[in-house]
Amino acid sequence: MKNEVKEIKTDVCIVGAGPAGMLLGLLLAKQGLDITVLEQNPDFHREYRGEITQPRFVQLMKQLNLLDYIESHDHVKIPEVTVFHQHKEIMNLKFDTLIDEESYCARLTQPTLLAALLEKAKQYPNFKLLFNTKVRDLLKEGEKVVGVYAQTKPGQQVNFIDDYVFEGDLSIQTSVTIGVDGRNSTIEKLGKFELDLDYYDNDLLWFSFEKPETWDYNIYHFYFQKNYNYLFLPKLGGYIQCGVSLTKGEYQKIKKEGIDAFKAKIVEDMPILGDYFEQVTDFKSFVLLLCRMRYIREWAKDGLLLIGDAAHCVTPWGAVGSTLAMGTAVITADVIYKGFKNNDLSLETLKQVQRRRHEEVKLIQNLQLTLEKFLTREPVKKELAPLMFNIATKMPDITKVYQHLFTREKPLDIDDVFIFQDELKLETSIPS
């Protein structure tokens, strides 16, 4: 039996319903454009995915007048970062020394943030979201991308035009396709984009544990210890999320040595975790994240654009990835909105996104490359890393470095039409 093929026409097709994809879809739907967002997973529920947002995210939400709405959902505010070496404090950074307002990181689970953005987007009938939908190919006319070919399984379909749940093949025709589908982007592969940077030296091994009574919940901690380096973040529900810094490929060696040897090293470094690790008997509770930094040489092709991690993936250090991606999403919304308004979605128009975002993205990536030098666990160097970090934190211009990493000096240069009113109303800025 031949699969049913359904044809859909939409102004913009967004592939990937992460923070950047959902924010982009919301902002463009607000302007009256027909938006179709495709997500290959069945829902938003995934662990260890960019759940810390920097003060620059708080600034961005305030600029869009979405901050009160976002913070009406469960979240934790993190006002400072503290770094330790062998349990002795060597650096403390309070965000209110960098910026007068919005001086905190906001910890939201990614499902919470995405659900909040979806609730806003649902108010626009021109916004559509299809879960369980995998892009299989690009639709082309000559060299121009004019849509995607996808396959969808039963799942949530928001504001979809039919009353029934569609299952089968989709032929989606669109004026512009935007790949926001992460560091393993399908759109990047199908579009045959070229890499300009592919840096990968370290891994981060995540796990979560119930907060001990003595733990200061609302602080972002980093520890240089004998065996490993550790990143600790508050997690909703009374838990702490921990990342163990590893060199590339080290986790495979750890697993060969066995769970007991690994537990012993962690408890030696962090005795406070002793009670938790008494209950750990295997590696099932750990999730490995490759700390890979990538940059696509040219983000745009005719009819096709990559943004977010698909275009400029950063490492977890500084927890800036999702914030950086959402900044790119907002600039993309501005470029696409003006492109429709001026009837110009040419390749040169799409290239504006990269031109407007290149400086900030490269600044963050270069700061991360410097930071990763302090995370080395090579013999000799690992003993010097905390000392060098301690010296670096006392340099005269270090505050400026922190400001570049965590805050935005001025608001993004975007059209005022993207600012939400307190009572959401449907706008039709672009005539159909």
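Residue L306 comes nearest to A311 through the heavy atom pair O-CB, 3.5 Å, listed as atom of the first residue, atom of the second, then distance. For the residue pair H87 and P271, the shortest heavy atom distance occurs at NE2-CD, 4.1 Å. When all heavy atoms of F131 and N41 are compared, the closest pair comes out as CD2-O, 3.3 Å. Heavy-atom minimum distance, P234 versus I240: CA-CD1, 4.1 Å. Contact detail for P19 and L114: the closest heavy-atom pair is N-CD2, 3.4 Å.
Between the side chain of E102 and the backbone N or O of Q59, no donor-acceptor pair lies under 3.5 Å. Under a 3.5 Å cut-off, the side chain of Q40 and the backbone N or O of T133 do not form any donor-acceptor pair. A distance-only check finds no donor-acceptor pair linking the side chain of Q54 to the backbone of C105 [under 3.5 Å]. Side-chain atoms of T10 come within 3.5 Å of backbone N or O of D34 as a donor-acceptor pair. Side chain of Q354 to main chain of A300: no donor-acceptor pair is present (N/O by atom type, distance under 3.5 Å, no hydrogens or angles). When atom types are taken as modelled, the side chain of T109 and the backbone of T112 share a donor-acceptor pair closer than 3.5 angstrom. For the pair R357 (side chain) and L324 (backbone), a donor-acceptor distance under 3.5 Å is present. Side chain of T328 to main chain of G308: no donor-acceptor pair is present (N/O by atom type, distance under 3.5 Å, no hydrogens or angles).
Atom CG of N342 sits in a crowded spot, with more than 12 heavy atoms from other residues, nucleotides or ligands closer than 6.0 Å. When the shell of 6.0 Å around NZ of K362 is examined, it contains more than 12 heavy atoms from other residues, nucleotides or ligands. Crowding of D68 atom CG: a count of heavy atoms from other residues, nucleotides or ligands under 6.0 Å not exceeding 12. Residue-environment remark: CG (D198) exceeds the threshold of 12 foreign heavy atoms within 6.0 Å. Other residues, nucleotides and ligands place more than 12 heavy atoms under 6.0 Å from the CD atom of E89. Around the CG atom of D74, the shell of radius 6.0 Å holds no more than 12 heavy atoms that belong to other residues, nucleotides or ligands.
Using a cutoff of 4.0 Å between basic side-chain nitrogens and carboxylate oxygens, E71 and K77 are scored as salt-bridged. Using a 4.0 Å cut-off between a side-chain N of Lys or Arg and a carboxylate O of Asp or Glu, K351 and E348 qualify as a salt bridge. With salt bridges taken as basic N to acidic carboxylate O contacts below 4.0 Å, none links K263 and E278. Taking 4.0 Å as the cut-off between side-chain N and carboxylate O, K122 and E119 count as a salt-bridged pair.
Both tests hold for K120 against Y69: distance to the six-membered ring centre under 6.0 Å, angle to the ring axis within 45°. Figure legend: cation-pi geometry between K30 and F418 absent, as NZ or CZ is not positioned both under 6.0 Å from the six-membered ring centre and within 45° of its axis.
For H358 and Y295, the gap between ring centers is short of 6.0 Å. Checked against the 6.0 Å centroid criterion, the rings of F406 and F95 qualify as a close aromatic pair. For an aromatic pair to be called close, the ring centres must be under 6.0 Å apart, and Y104 with Y220 fails this. For F232 and Y223, the ring centers are positioned less than 6.0 Å apart.
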Could you give me the CA-CA distance, side-chain angles and deciding distance for D269 and K265, then say whether salt bridge (charged side-chain N to carboxylate O under 4.0 Å, His left out) is met?
CA-CA 6 Å; D269 284 342; K265 288 181 179 180; over 6 Å; no
Assess the residue pair D203 and K248 against the criterion (salt bridge (charged side-chain N to carboxylate O under 4.0 Å, His left out)); give the C-alpha distance rounded to whole Å, side-chain angles, the decisive distance to 0.1 Å, and a yes or no.
CA-CA 6 Å; D203 292 329; K248 179 172 61 176; over 6 Å; no
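How far CG of L233 is from OG of S208: 9.5 Å, rounded to the nearest 0.5 Å.
The list of salt bridge (charged side-chain N to carboxylate O under 4.0 Å, His left out) pairs with a residue in residues 407-418, not counting sequence neighbours, reads E360-R408.
Evaluated for a salt bridge (Lys or Arg N to Asp or Glu O under 4.0 Å) with E194, the options K301, K189, R297 yield exactly one hit, R297.
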